[in-house]
Amino acid sequence: MKPKIWLSSPHMSGNEQSYIKEAFDTNWVAPLGPNVNGFEKDLQKFLNEDIHVGALASGTSALHLCLIMLGVTHGDEVICQSKTFSASANPIVYQGATPVFVDSERDTWNICPEQLEIAIKDRINKGKKPKAIIAVHLYGMPYKVNEVRKVATTYNIPIIEDSAESLGSHYHGQKCGTFGDLSILSFNGNKIITTSGGGAIVTKTEEQKKEAIFLATQARDDAPHYQHSHIGYNYRMSNIVAGIGRGQMTIVSSHVKNRRSNHALYKEAFKSIDGISFLTEPEGYFSNRWLSCILLDSKDTREGLRLALEKENIESRPLWKPMHQQPVFSASPSYLNGVSDDLFERGLCLPSGSNLTDSELDRVISAINLYFAL
Ligand SMILES: *Cc1c(COP(=O)(O)O)cnc(C)c1O
């Protein structure tokens, strides 16, 4: 059996262990410390905007805190892009609220501004104005930031920007992760940078960051004893994990460069195959190409290709199955136009790691060429 080629595997810089060693040497083995503060500063500097970053245990916990901070509670409704990973939607249910799913548009595969407005109007007519909108930059491609913001402003609904897959992407020169009323990042094992597991909340003000960290550290009131007037969470990032993050931030730009070059290589390699198409960047959009995705002409071709790659020990995966198709969310309202269903049927994510070697990329390309030659 040939060695496995993964979809998206961790890629260390070599600098991580020195930050971890420092944490051990100084006994900062706790969910706070110099690496946590340093990692937050590194991220803040990278995002390059007047924002504040709180390092947390995961992207999912960051989303949960966003909802709590926006006052989402039992019986509320929250709009969520249907085409996404389940972690975008699950925290809505943690709060006892109902997700309302909105379909995608073709240009970015992200939340469709027209469907979004239809959904908001209909929910208001039915008696409940949605409390928030969760928009996602899927696979690193920015969503239609201006159009979505326009709808949100019209109805005065805050945006939670799920930037879990889009560190290093930008939209008209502004970095993804800075567009939401609140935003989140993820550093899970398969993301652009990883801390093994981890995430962050991005806020507009220092007060909001303080509130997030207060909630993430068990909501302890200012008192010598343990005093609580809020429900708290154990969502802070560990200082060890943050050390990995600091090492990763030294090479984040080269990770983006490598992932973009994988995408460009695939695009060039398959340009003469009619049955393969790619999502192109609209003017002003810059995707980190977290995952390189292709569209095939049918579900059968997609599944045939996936199995052919699997035989070669190459991991690939259909695009995210939309949340409105997930059994667990079958009771949730959804506003659909067919786009995310179609993308799910015909789309495939190819190996996309920033650490893929030339010979691994050759193996992927040869296997796909062979499949289309047969
Ligand atoms: C990975 C991911 C998350 C969750 O982040 P974790 O750090 O794994 O909790 C949320 N949303 C999207 C779109 C993701 O891809």
Side-chain angles (χ1 to χ4, degrees), residues 6-10 31 39 43 53-68 78-95 99 101-102 104 108-111 132-143 148 159-169 176-177 179-180 182-202 212 216 233-238 241-242 244-245 248 255 259 279 287-293 317-324 326 328-329 340 343-344 347 349 352-353:
W6 300 95
L7 197 69
S8 179
S9 75
F39 185 38
L43 286 163
V53 179
L56 299 171
S58 63
T60 310
S61 57
L63 282 163
H64 190 195
L65 292 186
C66 290
L67 293 167
I68 294 168
V78 173
I79 289 184
C80 183
Q81 181 169 320
S82 186
K83 192 163 189 64
T84 185
F85 179 46
S86 64
S88 303
N90 284 336
I92 301 170
V93 181
Y94 303 167
Q95 282 308 95
F101 294 113
V102 171
S104 292
T108 74
W109 298 356
N110 294 310
I111 193 163
I133 297 162
I134 300 177
V136 189
H137 308 292
L138 219 56
Y139 305 117
M141 182 66 79
Y143 63 77
V148 171
I159 295 173
I160 298 173
E161 178 195 18
D162 182 341
S163 202
E165 302 177 1
S166 57
L167 189 66
S169 298
C176 291
F179 291 109
L182 293 168
S183 306
I184 72 102
L185 304 170
S186 168
F187 316 114
N188 206 334
N190 58 355
K191 298 286 159 60
I192 275 279
I193 65 163
T194 181
T195 58
S196 68
I201 187 168
V202 183
Y233 302 84
N234 185 3
Y235 281 173
R236 193 68 160 130
M237 179 178 275
S238 136
V241 154
I244 308 177
Q248 290 274 284
H255 280 195
R259 289 196 186 243
L279 180 63
S287 169
N288 65 13
R289 299 292 188 186
W290 172 57
L291 295 186
S292 283
C293 307
R317 193 173 298 144
L319 302 191
W320 298 122
K321 180 172 182 171
M323 291 304 113
H324 69 264
Q326 298 288 356
V328 71
F329 292 123
S340 65
L343 293 171
F344 173 57
C349 305
S352 304

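Order of appearance sets the numbers: ligands from 1, and atoms from 1 within every ligand.
Residues lining ligand 1 at a heavy-atom distance below 4.0 Å are given as Ser58, Gly59, Thr60, Thr84, Phe85, Ala87, Ser88, Val136, Asp162, Ala164, Glu165, Ser186, Asn188, Lys191, Gly198, ordered by chain and residue number.
Contact detail for Asn188 and Thr194: the closest heavy-atom pair is O-OG1, 3.1 Å. Tyr235 and His64 make their closest contact through OH-ND1, 2.9 Å (heavy atoms, listed as atom of the first residue, atom of the second, distance).
To the nearest 0.5 angstrom, Leu319 atom CG is 5.0 Å from Cys349 atom SG. With rounding to the nearest 0.5 Å, the separation of OG in Ser88 from CD1 in Ile134 is 6.5 Å.
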Which atom pairs, donor and acceptor, lie under 3.5 Å between side-chain atoms of residues 136-143 and protein residues at least two apart or in another chain?
unit_1: His137; atom_1: ND1; unit_2: Tyr143; atom_2: N; d: 3.0
unit_1: His137; atom_1: NE2; unit_2: Glu161; atom_2: OE2; d: 2.6
unit_1: Tyr139; atom_1: OH; unit_2: Trp320; atom_2: N; d: 2.9

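Taking the six-membered ring for Trp and the full ring otherwise, Phe187 and Phe39 have centroids separated by under 6.0 Å.
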